[in-house]
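The shown structure was predicted, so the numbers you read here are calculated from the model rather than taken from an experiment. Every chain is numbered from 1, with letters handed out A, B, ... down the list of sequences. Computation of the quantities below employed the complete heavy-atom set of this structure, encompassing side-chain atoms and omitting hydrogens, waters and symmetry-equivalent molecules.
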Number of protein chains: 2
Amino acid sequence: MIGDKIRELREANNILLRQLAATLEMDTAMLSKMERGDRYFRKEDIVALSKIFKQPQKDLLTLWLADKVLKTIENEEHKKQALELALKTLK
Amino acid sequence: MIGDKIRELREANNILLRQLAATLEMDTAMLSKMERGDRYFRKEDIVALSKIFKQPQKDLLTLWLADKVLKTIENEEHKKQALELALKTLK
DNA sequence: AGTGACTTGACAAATTTTGGACAATATAGA
DNA sequence: TCTATATTGTCCAAAATTTGTCAAGTCACT
């Protein structure tokens, strides 16, 4: 999800995976995994990426956090109810 | 949240912390922390507790999972948007 | 002061997550 | 086919998180 977004931005800007990886000072394989959702971006990288691609930090961070939430509940039952309950609690 | 619920049930049934801890085969201190939200219940314990207190598994598991979700997002910004996004993605 | 119930903090042990390296493979274009 | 790019899997060590145990502490009551 956040990975798709980053890939989209990267391709729209004609930047190669290895170029972006170099900018973020990470291994190309790692960035590939991150874009595909195999691994998680670190929060600092998301912040850096929002600057690189001139996107509102909030948007990317929200995507990133939603991914994390989805990961915590994957493989569980009653996901929807739990999310709704969590949301209700928050408000 | 799930902890409050368990404590409520335990007290309504006049069971001592150490008695319930013994039933669940855990340290009293651990159960105390769990009820107070300091530590997490294991899923199996929630299942066991729903039997002990004759509660629908679903209800307790939902509470338990909502807690986990809230924990993953605590200390983050844009919690609400992220939860809403996650919920939307799920549907 | 003594007792029972519960809480708390410190700590080590166990487990999970993470970041990164590397190699093999795939894919597309010249 | 050769080359550049990207993907995928596996391995490793470091870091972080979780878990369990224990001792000491509080609190309320008698």
Side-chain angles (χ1 to χ4, degrees), chain A residues 1-50 52-53 60-61 63-76 82 86, chain B residues 1-49 52-53 60-61 63-76 79 82 86:
Chain A
M1 196 168 186
I2 178 67
D4 296 332
K5 181 69 181 174
I6 298 303
R7 173 152 299 184
E8 206 179 278
L9 288 167
R10 179 174 62 79
E11 291 179 342
N13 285 272
N14 272 306
I15 299 175
L16 295 178
L17 198 53
R18 72 175 156 71
Q19 293 173 324
L20 187 55
T23 304
L24 297 174
E25 294 179 298
M26 64 171 70
D27 192 274
T28 306
M30 198 61 36
L31 183 55
S32 169
K33 286 175 188 174
M34 286 171 169
E35 285 191 351
R36 284 177 312 97
D38 237 47
R39 285 296 180 91
Y40 270 83
F41 284 95
R42 288 177 310 163
K43 196 175 176 184
E44 315 93 81
D45 291 330
I46 296 298
V47 172
L49 286 164
S50 73
I52 292 170
F53 294 123
L60 296 189
L61 284 175
L63 267 174
W64 171 79
L65 189 54
D67 265 13
K68 271 180 108 169
V69 168
L70 288 169
K71 191 184 175 199
T72 31
I73 62 177
E74 76 182 351
N75 309 322
E76 294 289 351
Chain B
M1 194 172 190
I2 177 66
D4 295 332
K5 181 69 182 175
I6 299 302
R7 172 149 299 185
E8 205 179 279
L9 288 167
R10 179 173 63 78
E11 291 179 341
N13 285 272
N14 272 304
I15 299 175
L16 295 180
L17 199 52
R18 73 177 151 72
Q19 293 174 323
L20 187 55
T23 304
L24 297 173
E25 292 179 298
M26 64 169 71
D27 194 277
T28 305
M30 198 61 36
L31 183 56
S32 167
K33 285 173 189 172
M34 286 172 171
E35 285 191 352
R36 309 179 43 68
D38 237 48
R39 293 289 179 96
Y40 268 84
F41 284 95
R42 288 177 312 160
K43 194 175 177 185
E44 314 93 80
D45 289 331
I46 296 298
V47 172
L49 287 164
I52 291 170
F53 293 123
L60 297 189
L61 283 175
L63 267 175
W64 171 79
L65 189 53
D67 265 13
K68 269 180 107 169
V69 168
L70 289 169
K71 192 183 175 198
T72 27
I73 61 177
E74 75 182 352
N75 309 321
E76 294 290 350
K79 291 189 242 259

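Spacing between atom CG of A:Asp38 and atom C1' of C:dT18 amounts to 13 Å, rounded to whole angstrom units. Atom C1' of nucleotide D:dT8 and atom CE of A:Met34 are separated by 16 Å, given to the nearest angstrom. Between the CG atom of B:Leu31 and the P atom of D:dC22 there is a distance of 17 Å, given to the nearest Å. What separates NZ of A:Lys33 from C1' of C:dC22 is a distance of 10 Å, to the nearest Å. Following rounding to the nearest Å, B:Arg39 (CZ) and C:dC6 (C1') show an atom-to-atom distance of 16 Å. For the pair B:Asn14 CG and C:dC6 P, the computed distance is 11 Å after rounding to whole Å. Taking atom NZ of residue B:Lys71 and atom C1' of nucleotide C:dT16, one finds them 13 Å apart after rounding to whole Å. Here D:dT5 presents its C1' atom at 10 Å from CZ of A:Arg10, a figure rounded to the nearest Å.
Of the two residues contacting DNA chain D, namely A:Gln19 and B:Arg42, the nearest-nucleotide position lying further toward the 5' end is that of A:Gln19. Positionally, the nearest nucleotide of DNA chain C for B:Arg18 lies more toward the 5' end than for the other of B:Arg18 and B:Met30.
At distances below 3.5 Å, not a single donor-acceptor pair connects side-chain atoms of A:Arg18 with backbone N or O atoms of A:Thr28. In terms of modelled atom types and a separation under 3.5 Å, the side chain of A:Asp27 and the main chain of A:Ala29 share a donor-acceptor contact.
Of the candidates C:dC6, D:dC22, D:dA6, the closest approach to any side-chain atom of B:Asp27 belongs to D:dC22. Of the candidate nucleotides D:dC22, C:dC6, C:dC22, C:dC6 has the atom nearest to the side chain of B:Leu16.
Separating the CE atom in B:Met1 from the CG atom in B:Leu63 is a distance of 5.5 Å, to the nearest 0.5 Å.
Residue B:Arg36 is classed as a sugar-phosphate contact, given heavy-atom separations below 4.0 Å to backbone atoms only.
The two residues B:Phe41 and B:Trp64 make their nearest non-hydrogen contact at O-NE1, 3.1 Å.
Between B:Glu74 and B:Lys71 there is no salt bridge, since no side-chain nitrogen of the basic residue lies less than 4.0 Å from a carboxylate oxygen of the acidic one.
Between B:Ser32 and the phosphate of C:dT7, there is a side-chain N or O to OP1/OP2 separation shorter than 4.0 Å.
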